[in-house]
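Single-structure report; data block below.
Sequence positions, counted from 1, serve as the residue numbers for this chain. Hydrogens, waters and symmetry mates are skipped; everything else that's a heavy atom, side chains included, is used.
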Amino acid sequence: MARLAVVACALAALLAASSRGAAAQQGVGSIITRSVFDGMLPQRNNALCPARGFYTYDAFLAAARAFPAFGTTGDLATRKRELAAFFGETSHETTGGTRGAADQFQWGYCFKEERDKTDPPFYGRGPIQLTHRYNYEAAGKALGVDLVSNPNLVATDPVVSFKTAIWFWMTAQASKPSCHDVATGRWAPTAADRAAGRAPPGYGVITNIINGGVECGMGPNFSGADRVGYYKRYCDMLGVGYGSNLDCYNQKKFG
């Protein structure tokens with residue numbers, strides 16, 4: 001009887017985990033459908049893009065299943081806004097668009113590797129442009145993959161590539177909250193955050209998390225405008241408002 005009880009418990013746990021994974025896929029997939037994904041990233045398979053053929057819809061959904069809270073937290077507007085923010089930031093990181101061009105914000109996911117390849121062999125790869133050994137080590141540990149010995153896996157396995165981006169999105173680091181917590185309203189700014197311009201929480205705070213040391217607190221700049229442009233396009237496509245505090249021009253970077 002005891003053995004049967006253990007088996008029953010294990011089966012119940014397995015079914016629950018499978019149900020959570022299916023719910024996550026259904027939740028994300030119900031907002032970012034295949035046609036929406038293709039419409040958001042219409043140039044990703046252009047012959048001019050080094051990443052052509054790499055970033056697939058199926059790989060995105062497979063990666064999302066590993067993070068059940070991603071794109072499934074909060075009401076429908078919150079979920080849409082988080083996904084618009086995720087694709088806005090990652091589209092900027094991988095853009096092949098030309099500043100000022102009529103189709104500037106249709107060239108997300110054109111690159112899968114950093115062009116300048118700084119900090120080799122741990123230069124930027126994947127949708128979030130994962131960079132530096134400590135990020136490869138932490139992401140690999142979380143995903144159960146040895147990315148220190150094989151960092152190029154982020155540029156050769158599309159599911160792993162998307163997983164590293166979503167891992168970064170979902171994970172708080174040092175003094176920074178996670179992008180997910182900011183996007184879903186789960187982060188409460190402190191008095192110091194308010195004094196630094198990081199309140200109310202908005203898309204600009206997410207940019208601050210990702211690249212605040214380079215882009216934030218320096219007045220208007222092209223990188224920030226490009227990020228916001230992608231975000232607004234995706235919000236419009238998903239039929240959701242932008243929220244407030246969209247840029248980080250007047251924000252101090254996180255300590």
In short, A183 meets I206 closest at the heavy-atom pair CB-CD1, 4.0 Å

Working to the nearest 0.5 angstrom, can you tell me the gap between Y123 OH and R115 CZ? 14.0 Å

Any ion pair linking D157 and K163 (charged N to carboxylate O, less than 4.0 Å)? no

Donor-acceptor pair between S149 and D146 side chains, under 3.5 angstrom: yes

Checking D236 against Y242 for the side chain to side chain donor-acceptor pair (under 3.5 Å) test, could you report, in this order, the C-alpha distance in whole Å, the side-chain angles of both residues, the deciding distance, and whether it holds? CA-CA 8 Å; D236 290 343; Y242 308 143; 2.8 Å; yes

Tell me if a side-chain donor or acceptor on D75 pairs with a main-chain N or O of T78 at a distance below 3.5 Å. yes

Any chance you could lay out the side-chain contact (heavy atoms from CB on, under 4.5 Å) test for F168 and Q173, step after step, and finish with the verdict? CA-CA 9 Å; F168 185 93; Q173 299 186 20; 3.3 Å; yes

Could you check E137 against K141 for side-chain contact (heavy atoms from CB on, under 4.5 Å), going step by step and ending with a plain yes or no? CA-CA 6 Å; E137 186 171 7; K141 183 176 180 180; 5.8 Å; no

Is there a side-chain contact between K252 and N208 in this structure, where contact means two heavy atoms from C-beta onward sitting under 4.5 Å apart? no

Cation-pi check, R198 to F254: give yes when NZ or CZ is under 6.0 Å from the six-membered ring centre and within 45° of the ring axis, no otherwise. yes

So does D226 have more than 12 non-hydrogen atoms from other groups sitting under 6.0 Å from CG? yes

Charged N to carboxylate O below 4.0 Å: is that the case for R133 and D119? no

Which pairs count as ring-ring contact (aromatic ring centres under 6.0 Å, His included) when at least one residue sits in residues 88-108, sequence neighbours excluded? F105-Y230

Just checking K253: does its NZ atom have more than 12 heavy atoms from other residues, nucleotides or ligands closer to it than 6.0 angstrom? no

Quick one: closest heavy-atom pair of T95 and F111, and the distance? O-CD1, 3.4 Å

Do side-chain atoms of T118 reach the backbone of D116 as a donor and acceptor pair under 3.5 angstrom? no

When you compare the side chains of Q43 and N46, does any donor N or O come within less than 3.5 Å of an acceptor on the partner? yes

Does the side chain of N245 come within less than 4.5 Å of P200's, by heavy atoms? yes

Do the side chains of N221 and Y249 get nearer than 4.5 Å, heavy atoms only? yes

Would the number of heavy atoms belonging to other residues, nucleotides or ligands and lying under 6.0 Å from NZ of K117 be above 12? yes

Would you say the side-chain atoms of T207 and E89 include a donor-acceptor pair closer than 3.5 Å? yes

Is there a path of hydrophobic side-chain contacts, each under 4.5 Å between heavy atoms, that joins V159 and F70? no

Given the rule that I, L, V, M, F, W and Y join up when any side-chain heavy atoms are under 4.5 Å apart, are I128 and F122 in one cluster? yes

Distance col, row T156:OG1 vs N150:CG, nearest 0.5 angstrom, shows 6.0 Å

Atom pair OG1 (T98) and CG (D103), whose distance is rounded to the nearest 0.5 Å: 7.5 Å

Can you give me the closest heavy-atom contact between L143 and F67, atom names plus distance? CD2-CZ, 3.8 Å

Of all heavy-atom pairs linking A172 and S178, the shortest is N-CB, 3.6 Å

Could you walk me through whether Y234 and V240 pass side-chain contact (heavy atoms from CB on, under 4.5 Å), step by step? CA-CA 9 Å; Y234 298 151; V240 68; over 6 Å; no

Between D181 (side chain only) and R186 (backbone N and O only), is there a donor and an acceptor less than 3.5 Å apart? no

Side-chain heavy-atom pair V36, L238 within 4.5 angstrom cut-off: yes

Single-linkage hydrophobic cluster V154~Y134, side-chain heavy atoms < 4.5 angstrom: no

When rounded to the nearest 0.5 angstrom, what distance separates CG in N211 from SG in C248? 8.5 Å

Would you say the side chains of Y109 and T90 form a donor-acceptor pair under 3.5 Å? yes

Considering all heavy atoms of both residues, which atom of A69 and which atom of M170 are nearest to each other, and what is their separation? CB-CE, 3.9 Å

Rounded to the nearest 0.5 Å, what separation is found between the CH2 atom of W187 and the SG atom of C179? 11.5 Å

CE/M218 to CG/N250 distance, rounded to the nearest 0.5 angstrom? 12.5 Å

Determine, using ring centers only, whether F60 and F87 are less than 6.0 Å apart. yes

Test log, rule side-chain contact (heavy atoms from CB on, under 4.5 Å), inputs M40 and I32: CA-CA 9 Å; M40 292 167 73; I32 307 297; 4.0 Å; yes

Between P127 and F162, which heavy-atom pair has the shortest distance, and what is it? CG-CD2, 3.9 Å

Do V148 and V160 share a hydrophobic cluster (ILVMFWY, side-chain heavy atoms under 4.5 Å, transitive)? yes

Do W169 and L246 sit in the same hydrophobic cluster, where Ile, Leu, Val, Met, Phe, Trp and Tyr count as joined when their side-chain heavy atoms come under 4.5 Å apart? no

Is there a donor-acceptor pair under 3.5 Å between the side chain of R125 and the backbone N or O of K112? no

Lys/Arg cation over aromatic Y231: R227, 6.0 Å, 45° cone: no

With heavy-atom distances below 4.5 Å as the criterion, would you say the side chains of L147 and N135 are in contact? no

Using side-chain heavy atoms (C-beta onward) and a distance below 4.5 Å, is I209 in contact with P177? yes

Is it the case that the side chain of Q106 and the backbone of A102 share a donor-acceptor pair, with hydrogens and angles ignored and the cut-off at 3.5 Å? no

Spell out, as yes or no, whether a donor-acceptor pair under 3.5 Å connects the side chain of Y136 to the backbone of L130. yes

Check whether NZ of the Lys or CZ of the Arg R52 lies under 6.0 Å from the centre of the six-membered ring of F54 and within 45 degrees of that ring's axis. no

